[in-house]
Protein chains: 2
Amino acid sequence: MNYVIDFAEGSKEQKDLLGGKGANLAEMTKLQLPVPTGFTITTAACLDYLKGDSVISQELIVEIHQHIKSVETRSKKGFGDEQNPLLISVRSGSKFSMPGMMDTILNLGLNDKTVIGLSEKSGDPRFAYDCYRRLLQMFGDVVCGIDKNRFEEQLDFYKRKRQYTSDTDMQAVDWQELVAVYKNIFLEVTHQPFPQDPYEQLVLAVEAVFRSWNNRRAITYRRLHDISDSLGTAVNIQEMVFGNFGTDSGTGVAFTRNPATGEKGIFGEFLLNAQGEDVVAGIRTPQPISKLEILMPEVYQEFIQLSRLLETHYKDMQDIEFTIENQKLYLLQTRNGKRTAKSAFKICIQLVEEGIISKKEAIQRINPTMITQLLHPVFEPEQLNVAEIFAKGLPASPGAASGKLYFTAEAAKKAHDLGEKVILIRQETSPEDIEGMIASEAIVTSRGGMTSHAAVVARGMGVCCVAGCEMINVDEFLEQATVGELVLKQGDCISVDGTTGTIYLGEISYVEGDEWQLLETIINWAKEMAEMEVKANAETITEINTALKLGASGVGLARTEHMFFGEKRIFEMRKMILAENEAAIVAPLNKLKEFQKEDFREMLTLLKGKPCTIRLLDPPLHEFLPQTTAEITHLAEATGRTEAQINDRIEELQEQNPMLGHRGCRLAITTPQIYEMQVAAIIESALEVAKSQPEHITIPEIMIPLIGSYEEMQWLREHLIETIQTIFKREAQVIPYKIGTMLEIPRACLTAEKIAEYADFFSFGTNDLTQLTYGFSRDDSGKFISAYQEKQLLTNDPFQQIDEAGVGQLMKIAIDKARQVDPEMKIGVCGEVGGDPQSIRFLKKIGVDYISCSPYRIPAAILTIAQE
Amino acid sequence: MNYVIDFAEGSKEQKDLLGGKGANLAEMTKLQLPVPTGFTITTAACLDYLKGDSVISQELIVEIHQHIKSVETRSKKGFGDEQNPLLISVRSGSKFSMPGMMDTILNLGLNDKTVIGLSEKSGDPRFAYDCYRRLLQMFGDVVCGIDKNRFEEQLDFYKRKRQYTSDTDMQAVDWQELVAVYKNIFLEVTHQPFPQDPYEQLVLAVEAVFRSWNNRRAITYRRLHDISDSLGTAVNIQEMVFGNFGTDSGTGVAFTRNPATGEKGIFGEFLLNAQGEDVVAGIRTPQPISKLEILMPEVYQEFIQLSRLLETHYKDMQDIEFTIENQKLYLLQTRNGKRTAKSAFKICIQLVEEGIISKKEAIQRINPTMITQLLHPVFEPEQLNVAEIFAKGLPASPGAASGKLYFTAEAAKKAHDLGEKVILIRQETSPEDIEGMIASEAIVTSRGGMTSHAAVVARGMGVCCVAGCEMINVDEFLEQATVGELVLKQGDCISVDGTTGTIYLGEISYVEGDEWQLLETIINWAKEMAEMEVKANAETITEINTALKLGASGVGLARTEHMFFGEKRIFEMRKMILAENEAAIVAPLNKLKEFQKEDFREMLTLLKGKPCTIRLLDPPLHEFLPQTTAEITHLAEATGRTEAQINDRIEELQEQNPMLGHRGCRLAITTPQIYEMQVAAIIESALEVAKSQPEHITIPEIMIPLIGSYEEMQWLREHLIETIQTIFKREAQVIPYKIGTMLEIPRACLTAEKIAEYADFFSFGTNDLTQLTYGFSRDDSGKFISAYQEKQLLTNDPFQQIDEAGVGQLMKIAIDKARQVDPEMKIGVCGEVGGDPQSIRFLKKIGVDYISCSPYRIPAAILTIAQE
């Protein structure tokens, strides 16, 4: 059983056993790069140590001795040799980088005797005692748990005594004196002298690294980043090289490309005459790497060469640590460099262009969440650190914006029209608020979840939104928003971070995230590979344009009810709802038809032949009726009715559970004229567009919502086909069309084989389907969902990520049944989960043909599909 | 191919071919009873006739001739023989009795010549011409479509002219003259003389019977009674015997037992010297059959003997038509007699006791709907005919009651306490109305369906209820109920028929339907055969007593929320809901616990070891808060809060879709103390009852409502078991118990195999499951359901009869999954469909172990199961 592996024996694939750092040191050694000689004590050794009595085994000690001997041979130095001492570094290194979590000990092997040897051999006693005091300090901290400040205080005290301003003022004798002081600290704190035996130092250091796997910081970090506790850490032992060996020595860190912008070329910094921790400590300001070209041109050239080699070898941008000892370059570490979203996209594209990676590999490297960062503004991080938080809510729609608070849609619109930047705050929004929402930089609500009206509309428009901010008491009447003692009034300025859900007081500047071109390249590649189509939930011109730019292959869900909320339109809609007999609905429906035709013409023209699924009216009629007394009065005047009549109608239409009420296709069973009007508008505008744009024929896909039985579907289909045939006959022109349905009612899924006989396509409405399958109302679940999450009874929000066990099972049943009848049937998904990567993977598996999501979620969806 | 079958060749099993009447005539012939000779023209002949050109085929005519010849031989008379004429009757007879629908022709074969022969042979010209005029009248009506009144008018005119008061005053010469008048009517109306050829008469009569299958009355009757159009009718030709052959002749009808009460013994009436239609016409009052014993003792004895023979042969009470010609008895028809519900039960029990049928056969003969008639009061039919209808609604709970209208539960209760009979009318009822509902004779609501609060509670209490009476405008504020112009005020009297859904103005007297003992015998027999248990949805002492009396094998659903509505209880409930912190809920919960223990002690004591499933709190908390300003003021005073605080809490608890909101087990996830209290009350009272009644240990089955995931079930189960174990330890006593769940959320069905791991039993809550599977709210579906029924998009109310394709499928999935984990798991159903026979059959098929329904539906359920 080998617990210790020489760098020369490992490779980069062995991260599990050697840790990330050890594996890369081995890889570089294999590539014959200038890596100081050394070996890795494996994670297996660590786990054995932790499993047992936390006593290092004799076998491991023996193995370490053998490998030290081998390093001695190669380095031609002796560990503890008083004339020619071998010094080593001890570094932890687990499979995943856990920054700042475990510590490093340098210069191990020094003691009262070997320090003299090092002094004599290097001819530099200042260097030797500097190294010794560093060892004492790091060993004290890491191995013996002595507070670092105990050492720093003595150094400060000493410098003040000598009136030195900087460490560089310290001479050999000064460090020598300080070493004595440091050794005293050891004795005081641990009641033991600093161990003089190098092997004892080494064993204690290795044990300290092992133990550090289970320190509190480490455990917390692993919890936060979902890293298994059972990995353990490796320990890397390596011959020291010295960047602090005079002015022709130094140490630095460099990236092979710019980690912020992705720009090509070495990007980094270095310090002359310093050891690694000096760079981090920030005592001296490092120089840009370009300076090295002037100071040591040969070393610089070698570094450039090696870093290119490493990048090509690892096929990714590298983050490299190096040391120069007497003009000789050593590489101490290399790893894939962390980077911003923009840089990640740019580097991927460059690497493909340079032939280093394939498009497929590039796609795999893009994390879908990066797209959000790429497209949406983000606040300046420095300003965020000092900003005062007002409240926290749900990150409902990403982005960042500042503006003045307004409590009604009208006030927000008015202020916007006067040139102000406004933020609309409401208890919750309703379709009537739409114009105020469009006018706002950001939207905040105190109620409602990730799929509330505010959230859905904001995401659709790409406007930043924080929803369900329950801690804010929004008083729309008094026009104030209160959190505890803090009261904000209309016109007060706030800043909203929709990506994190945080709301700050005052204004914060932000950076635009408008990197369309980078995104376009990646999305185009992804689309070449994606096996499932991605369409858009979109109905306005802006939304459709955005969707097409972001890669949508068509419109998968155009919600026609949103088209009824303009001022003139809602008036006609209300006239229709108030109509007292069948005859009185004809006139308003005819006007509404003209409005709808206008919309559909625009949509179909814009789509240039791409498919377009239009959903017929879905919400209950009462959603279109006025809610305030002022509006009721106004409507009464405009329609020549009494307010009492209007109130009667409002009351009549009221429902106990509107979600389960008179809506969707049920409206068309009781009042077929509404769907007839809509279908006529769709077909007539499609005929017109077919004439004006004969080169792009879009097949309109008419989608009936809320079907629960084949009887409904059969009746409506026959009924609508009659309407369509009449138009074809009258216009003496024919176009292809489809009639399909949403599957959003459990019963529809369970009887999909029957419904399929009357439907040309299916599209799962996962929002409603989830509500019904769970028996949860999205509007009301806020009251108990947090208790569920606290008790871990619900791990994911089923409205955000498909509930595979329940809703997913029902979908699979439906798909299997439908495909029995029509194996070629197109089946899509148009709920919120269509934008979630995990869900997309599941949907693909159960046989969904396409997904449709809000425009800004399209790129992530395409990417996820391509990555499968 | 035989289209004609002699009575001697058929049997009672051939109803399809011979019709009911023909088959029974054949059967009696086979038994060698005194049946006039004859034959049947089959339904196949009828169908052939109707399929073709409606011309009677030559083959059929030949067959008829052959059979007439055979009748001539046996009767020793000649068809058309002028000296010794054979007369026959022609009667229709289809498979199912269609009363009053098709007609009979008697005395066929008479003409101007044979009438003289008959006169001479009988020595009674009056008799002969009476027969002839009857033939003319019936033939005219049935074959030629001559209005019967044409004949009647002439008879009346003739009698007035002669100053006769009755037909018996008519002499031979009078009839003879009238025959001439009648023949003239023929000529006038049909422009043809009355056919003198007996064979022509016969063929025309047979064709008329065939055609009558498709007359409007017949078609309507078949639609109404769900009888297939493709059965056709048979025609029975039979030698005439004459009840009008003098005073030692006669005709009558008798039942072998009393069809109203079931009492044993011949029950019937007869007329001397009359033909069949005289009894029906009501010109002369018939005599009770007992009189026959005095008039013709031998004939009477023979009839008694024959009727016993028939009853034993048919194993059921018979309805027999007979004729006596010259002291000789003839049987003309026998069939199973129609009877009242009470009679049906009594006869079944008697037949079993007499050894004529088995218990199994008895059970098969009881129609479950008869039970309603047996147990609930019904209005006097005569009074109903003249009563004025006020409105119609849904027959939500059967029975009949009159009383004074009250618009609030308080007013109803007050009036009841003063000794009035009251009827509560509301837009809809809520749990707060419960005391007023108990005080009422009947309940009427203008909204809500068959499973609305009013309907469910009324059925539970066995109180008559008409729900969803949308045509009534109920103004609770003005205290008036309006239908069109008609306005009823508080105190006005109405009568409510919950069996038909009709509401009448004023008071109507009714007959009690309290026939418990008959029911008990039948139910006990049925229980011996039933393979599925029937339990009760019951929680009050009255309900449980009723349920046990009606055959319940335990309580399958005790809804604990109903226990919180007493005055003191609701106050503590409200205090708990208003509590501002966890500490403040302890005191009210402790008081509620004492109330609950009281209830559970009573229930468990009553059940004497029968199983008892108790459902923990289900409705959202806001249902317990006050709704009127007065109540809010009162609560504020009582709790020392401001009204604003209470209103805030009410608003806070408000929900968009309460059906999908914070209720059921979700309450226990956020506030575990409520279920802890309930479970402690259950277990503690069970322990107490176990001590006081050690001979009957009831295992309490604790049922958690609204489970949607196994995570909920697991958490709650572990949590409640902890509570129970603490009690066991404290009391140093242990009893068995079970913890199970309702399956009422689609997701729970879809993941039943997981939930089953943490549940001891399942009970489908089909009401909520149907709501969620369909996405229908029962409260709101009233607005569109009628349109669905009109368009035949929904044939049955899925809340009344299980939707096999959707909800049923989901249940089957759940059962299959649960039984995979635990093949022995008890699975029940406790929704409304548990009382529906069709549904019960389905539930049994998919493997449900027991059903639980409201007490008054239990007998029908047991019966349905036994009949399978």
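In what follows, every chain begins at residue 1, and chains take the letters A, B, ... in the order their sequences are listed.
Considering only heavy atoms from C-beta on, I755(B) comes within 4.5 Å of F762(B) through its side chain.
Atom CE of M703(B) sits about 9.0 Å away from atom CG of L616(B), to the nearest 0.5 Å. The line from CE of M576(A) to CZ of F624(A) is 8.0 Å long, rounded to the nearest 0.5 Å. Atom CD1 of I707(A) is separated from atom SG of C665(A) by 4.0 Å, given to the nearest 0.5 angstrom. Interatomic distance, CD1 of I674(B) versus CG of L617(B), reported as 6.0 Å (0.5 Å rounding).
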For chain B and chain A, give me every donor-acceptor pair shorter than 3.5 Å, distances to one decimal.
from, atom 1, to, atom 2, distance (Å)
E652(B), O, K783(A), NZ, 3.1
Q654(B), O, K783(A), NZ, 2.5
Q656(B), N, D780(A), OD1, 2.8
Q656(B), N, D780(A), OD2, 3.4
N657(B), N, D780(A), OD2, 2.8
N657(B), OD1, M659(A), N, 2.9
M659(B), N, N657(A), OD1, 2.9
L660(B), O, S777(A), N, 2.8
R666(B), NH1, G775(A), O, 2.9
R666(B), NH2, Y774(A), O, 3.0
R666(B), NH2, G775(A), O, 2.9
I669(B), O, K791(A), NZ, 2.8
E712(B), OE2, Y788(A), OH, 2.4
R747(B), N, T773(A), O, 2.9
R747(B), NE, Y774(A), OH, 3.2
R747(B), NE, D803(A), OD1, 3.3
R747(B), NE, D803(A), OD2, 2.6
R747(B), NH2, D803(A), OD1, 2.7
L750(B), O, Q809(A), NE2, 2.7
T773(B), O, R747(A), N, 2.9
Y774(B), O, R666(A), NH2, 2.9
Y774(B), OH, R747(A), NE, 3.2
G775(B), O, R666(A), NH1, 2.8
G775(B), O, R666(A), NH2, 2.9
S777(B), N, L660(A), O, 2.8
D780(B), OD1, Q656(A), N, 2.9
D780(B), OD2, Q656(A), N, 3.4
D780(B), OD2, N657(A), N, 2.8
K783(B), NZ, E652(A), O, 3.0
K783(B), NZ, Q654(A), O, 2.6
Y788(B), OH, E712(A), OE2, 2.4
K791(B), NZ, I669(A), O, 2.8
D803(B), OD1, R747(A), NE, 3.3
D803(B), OD1, R747(A), NH2, 2.6
D803(B), OD2, R747(A), NE, 2.6
Q809(B), OE1, K817(A), NZ, 2.8
Q809(B), NE2, L750(A), O, 2.7
K817(B), NZ, Q809(A), OE1, 2.8

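Most heavy-atom pairs under 4.5 Å with chain A: of the set L667(B), I669(B), L794(B), L706(B), this distinction falls to I669(B). Your options are G775(A), G806(A), G708(A), and the one with the most heavy-atom pairs under 4.5 Å with chain B is G775(A). Among I813(B), L793(B), L810(B), V807(B), the residue with the largest count of heavy-atom pairs under 4.5 Å with chain A is L793(B).
Only the backbone of L653(B) has a heavy atom closer than 4.5 Å to any heavy atom of chain A.
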CA sep, side-chain torsions, deciding dist, call: L769(B), L743(B), side-chain contact (heavy atoms from CB on, under 4.5 Å): CA-CA 8 Å; L769(B) 190 59; L743(B) 291 183; 5.8 Å; no

Step-by-step side-chain contact (heavy atoms from CB on, under 4.5 Å) determination, L772(A) to M659(A): CA-CA 9 Å; L772(A) 291 170; M659(A) 162 71 212; 4.1 Å; yes

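Shortest non-hydrogen contact noted between F764(B) and C749(B) is CE2-SG, 4.0 Å.
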